[in-house]
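Only one structure is covered here, and it is reproduced in the block below.
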Amino acid sequence: MQFPVYFNLLGHRIHPHPVMELIAYTGGFQLYLLLRRRWPRAAVPIEQNMWLIVGAVFGALFGSKILALVESWDQYRQHLSDPRTFLGGKTIVGGLLGGWAGVELAKWRMRIRRSTGDAFVFPLIVGTCVGRVGCFLTGLDDHTHGTHSSLPWAVDFGDGPRHPTQLYEIVFLLLLAAMLFVYSRQPRPNGQLFRLFMLGYLGFRFFAEFIKPRYTPLAGLSAIQVAALAGAAVCVWQLSRRSDREISGNMFDGTTAAADA
Amino acid sequence: MEPPPLPTLEYGGPPSFPQRPRKNWRGFNIGLLSGLAFSVIYYVMLMSGVTHFRSDSSLLFAVIFKIAAGVTLVFFPRWRAIGLGVICSIPIGILILVGLCFGALIVFH
């Protein structure tokens, strides 16, 4: 297999990364609309919900770009004279954390106090899996591959066998989705599903970064690892708090249990 | 003869956002997909040299156009959902079409 693996459409070669990202974003959002109808809580009015999505996507954009800049600063600083280079680069960890911050900012602005993230969990998982296929098909250019490895499933992206960390992430996300699916069949406190998803994903990314080439300026850790640790710590802290006790019901029976006192 | 009673004045106007959930989400979806389609088509035209703009500054044109269109639509309650969808398509379009994952430096030819 030669990387990047281009798609062939009507005689034109199309790069896989933007194609898979486009499918990821649009498909993920359609899944969100579908799940939202089945989720028992409709606690946030529609217009406010849309503004939350605006907050999420702008937060994701800034978080993704800023963390990518910090993560690869050793490369970016060599091109400081060309501002266009700062357009490239993005990270999912930065996108998730930035999107979360964007939503919290929008909620603070609109005085919404309840958690709103649960309905985004499975769309985020599906979208990330699809996007990672694009990362894998892009190969070395994407910088999401692992370090060199002699394992039997290592993939040669063009410079020798490496850990296919994109595929590891897809497998992990599918397992996480299955666990969260089973977990969500019972009524759970509002917001818990989202925090468990974030904790699981950030934990995975923290450990997966050890088998990826990375710039480690912070006590042997990369910027993504530091951000993942910080995000996971926030999730643990919020899960241990019992202030947001409203039970949300589950996704399948269309009922809502009474709020906790 | 008593004068007829004065008509009551209705101070309450129509809601600022039409309360039709499915139609609103459909509008948001239309705005989002239209915005993304515009970005994709514009980007493809730019990269294939169909347009005559310099590629390093003309990326901004699509963003500025969508900001203007989205913000304008938001001011009209009937079109607000579409406007919000267009606004959402701006960062998503940038994430999809500009650059690869972290560490990759964009190169213009």
Side-chain angles (χ1 to χ4, degrees), chain A residues 12 15 17-19 21-22 24-26 29-30 33 36-37 42 45-47 49-51 53-54 56-62 64-65 67-69 71-72 75-76 78-79 82-95 131 134-135 138 141-144 166 213-215 223-224, chain B residues 15-29 31-37 39-40 43-44 47-48 54-57 59-60 63 67 70-71 74 77 80-109:
Chain A
H12 295 283
H15 198 283
H17 203 281
V19 172
E21 273 205 85
L22 187 64
Y25 283 111
T26 51
F29 183 66
Q30 303 312 311
L33 291 181
R36 195 182 175 279
R37 274 184 234 142
I46 296 164
E47 183 175 345
N49 206 339
M50 291 181 185
W51 281 111
I53 294 173
V54 172
V57 292
F58 275 93
L61 173 66
F62 289 120
S64 177
K65 296 292 182 183
L67 188 57
L69 190 68
E71 170 72 15
S72 303
Q75 292 179 323
Y76 280 101
Q78 297 167 22
H79 298 82
D82 188 358
R84 297 175 304 172
T85 59
F86 294 92
L87 294 175
K90 50 197 171 186
T91 78
I92 290 181
V93 170
C135 292
T138 300
D141 290 341
D142 204 59
H143 294 248
T144 52
Q166 309 96 335
R214 65 201 201 286
Y215 173 55
I224 284 183
Chain B
S16 64
F17 201 75
Q19 300 301 306
R20 294 186 291 274
R22 195 162 288 195
K23 195 169 180 182
N24 289 332
W25 281 116
R26 196 182 309 146
F28 186 90
N29 223 357
L32 180 67
L33 296 176
S34 302
L36 285 177
S39 291
V40 168
Y43 185 80
V44 168
M47 291 299 126
S48 60
R54 288 183 61 233
S55 59
D56 56 347
S57 58
L59 275 179
L60 286 178
V63 174
I67 289 173
V71 169
V74 161
R80 185 167 294 156
I82 297 177
L84 289 174
V86 171
I87 289 173
C88 277
S89 74
I90 297 169
I92 294 175
I94 292 172
L95 284 169
I96 291 173
L97 297 169
V98 182
L100 297 175
C101 290
F102 73 93
L105 301 177
I106 193 168
V107 175
F108 285 92
H109 296 284

Pick from A:I92, A:I53, A:T26, A:L67: which one has the most heavy-atom pairs with chain B under 4.5 Å?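 Highest number of heavy-atom pairs under 4.5 Å: A:I53.
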Relative to the ring of B:F28, is the ring of B:W25 parallel (under 30°), tilted (30 to 60°) or perpendicular (over 60°)? perpendicular
Report the distance from atom NE2 of A:H143 to atom OG1 of A:T138, rounding to the nearest 0.5 Å. 11.0 Å
Can you tell me how far the CG atom of B:L36 sits from the CD1 atom of B:I90, to the nearest 0.5 Å? 10.5 Å
At a 4.5 Å cut-off on heavy atoms, which part of A:Y25 comes close to chain B: side chain, backbone, both, or neither? side chain
Check each atom of A:F29 against the heavy atoms of chain B and say whether the ones under 4.5 Å are side chain, backbone, both or neither. side chain
Search all heavy atoms of B:L32 against all heavy atoms of B:S89 and return the closest pair with its distance.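 Distance-wise, the nearest heavy atoms are O-CB, 3.6 Å.
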